[in-house]
Amino acid sequence: MENPVTSCFPDPGGERALRGLYLDTILPDASAGGGPFIYANYVSSLDGRISVPDAAGRQCVPGNIANPRDWRLLQELAGHADLLLSSGRYLRELDAGTDQDILPIGSAEDFADIRAFRARHGLKPQPDVAVLSGSLDFAVPERLLDQGRRVVAITGDSAPEARLQAHERAGIEVMPLPGALRPGARPLANALASLGHARIYAISGPYVLHTLMAADLLDALFLTTVHRIIGGYPFSSICEGELLASPGDFRLTSLYHDPSGPDGCSQTFARYERARDPDSVLAGNATGGQ
Ligand SMILES: NC(=O)c1ccc[n+]([C@@H]2O[C@H](COP(=O)([O-])OP(=O)(O)OC[C@H]3O[C@@H](n4cnc5c(N)ncnc54)[C@H](OP(=O)(O)O)[C@@H]3O)[C@@H](O)[C@H]2O)c1
């Protein structure tokens, strides 16, 4: 973690430590369009892939682009969050033990500064969790509920009643919202706003991002690009689904070059802001800064 990164935009040339890069960044407590501020991050290859099939055929983050420096930044982004937005697919992988457990802020000494940051900003030790799922076919790890976190499942028109009741018995709030998971659906925006959280961090994959984009709910995108071409089928980018009715425009607000990516490969860390309101990045009671 000791190697510095170099700023490319907006103030090119300066070096700074990786640690704190995203903890120090300012994240507003509301979207410029009203409702919670929703942000996402991905690590991608130079050819735009965020997942490839493993030996068993399951889509996973490619092992040759995942790296501890990007992981550190993911943890720092989680440090700002009141709520993590996840998916039924992710909970199934957690249950099957095929994914890393990223729902909690890391308990290692290395992340003590992130835990201290949350305490300083009046945030709960661990963010609450919302799960988007049409099927409700997942189990919530007991340790999530044991940590005193609110866990909410947002589902659509056809959630099986038996699963809905089983989740409620297990202490999970279920929000069955007709039309909530359809592209562009207003019920999803209303549901996320009704939870009362200020900053929502989408740690989900490309289908949930498509749902968020179609409803125009994403405010900021953090994108790590590892400068490595990896190929692989099926192609999976950050956003998968039908052509969006309106493209989502973003503007670059920061870019850092990191010469110390996986196997010494370089990478860049970009932050993009939804191009609705040029001042949105400074709106509201922000977390971040010194
Ligand atoms: N490189 C990265 O930074 C990064 C980041 C995140 C994920 N990934 C990878 O991306 C891969 C693909 O993830 P994924 O395909 O499972 O995508 P996803 O977008 O994370 O999740 C899809 C799941 O979300 C639920 N869902 C809720 N609303 C939906 C809607 N309107 N449309 C579709 N699904 C909806 C469904 O759950 P139900 O099936 O329960 O109904 C579905 O299984 C994974 O391998 C993951 O590791 C990579």
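Numbering of residues begins at 1 and proceeds along the displayed sequence. Counting starts at 1 for both ligands and their atoms, following the listed order. Note: hydrogens, waters and symmetry copies are ignored here, and every other heavy atom, side chains too, is used.
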What do you reckon, does Leu136 have a nitrogen or oxygen under 3.5 Å from a nitrogen or oxygen of ligand 1? no
Going by atom types only, do Asp70 and Gln267 share a side-chain donor-acceptor pair under 3.5 Å? no
Based purely on interatomic distance, does Ser204 place a nitrogen or oxygen under 3.5 Å from a nitrogen or oxygen of ligand 1? no
Are Asn41 and Tyr201 linked by a side-chain donor-acceptor pair shorter than 3.5 Å? yes
Compute both the distance and the angle, then confirm whether Arg199 meets the cation-pi test with Phe37: under 6.0 Å from the six-membered ring centre, within 45 degrees of the axis. no
Does Pro62 reach ligand 1 with a nitrogen or oxygen that is under 3.5 Å from one of the ligand's nitrogen or oxygen atoms? no
Just distances here: any N/O of Ser87 and N/O of ligand 1 closer than 3.5 Å? yes
May I ask you to check if ligand 1 and Arg89 share an N or O to N or O distance below 3.5 Å? yes
Please report the interatomic distance CG(Asp110) to CZ(Arg72), rounded to the nearest 0.5 Å. 6.0 Å
Heavy-atom closest pair (Ser45 atom, Thr225 atom, distance to 0.1 Å) is O-CG2, 4.1 Å
Glu93-ligand 1 polar pair, N/O distance under 3.5 Å: no
Under the criterion salt bridge (charged side-chain N to carboxylate O under 4.0 Å, His left out), I'd like the reasoning laid out for Arg228 against Asp263: C-alpha separation, chi angles, the key distance, then a yes or no. CA-CA 11 Å; Arg228 192 170 238 186; Asp263 309 318; 2.8 Å; yes
Are any of the N or O atoms of Ile50 closer than 3.5 Å to those of ligand 1? yes
Backbone or side-chain N or O of Thr211 under 3.5 Å from ligand 1 N or O: yes
When you compare ligand 1 with Tyr42, is there at least one nitrogen or oxygen pair between them that comes in under 3.5 angstrom? no
Atom indices of ligand 1 within 4.0 angstrom of Arg92 heavy atoms, with elements: 38 (P), 39 (O), 40 (O), 43 (O)
Are Ser236 and Ser51 close enough that a side-chain donor and a side-chain acceptor fall under 3.5 Å? yes
Decide whether an N or O pair under 3.5 Å exists between Leu209 and ligand 1. no
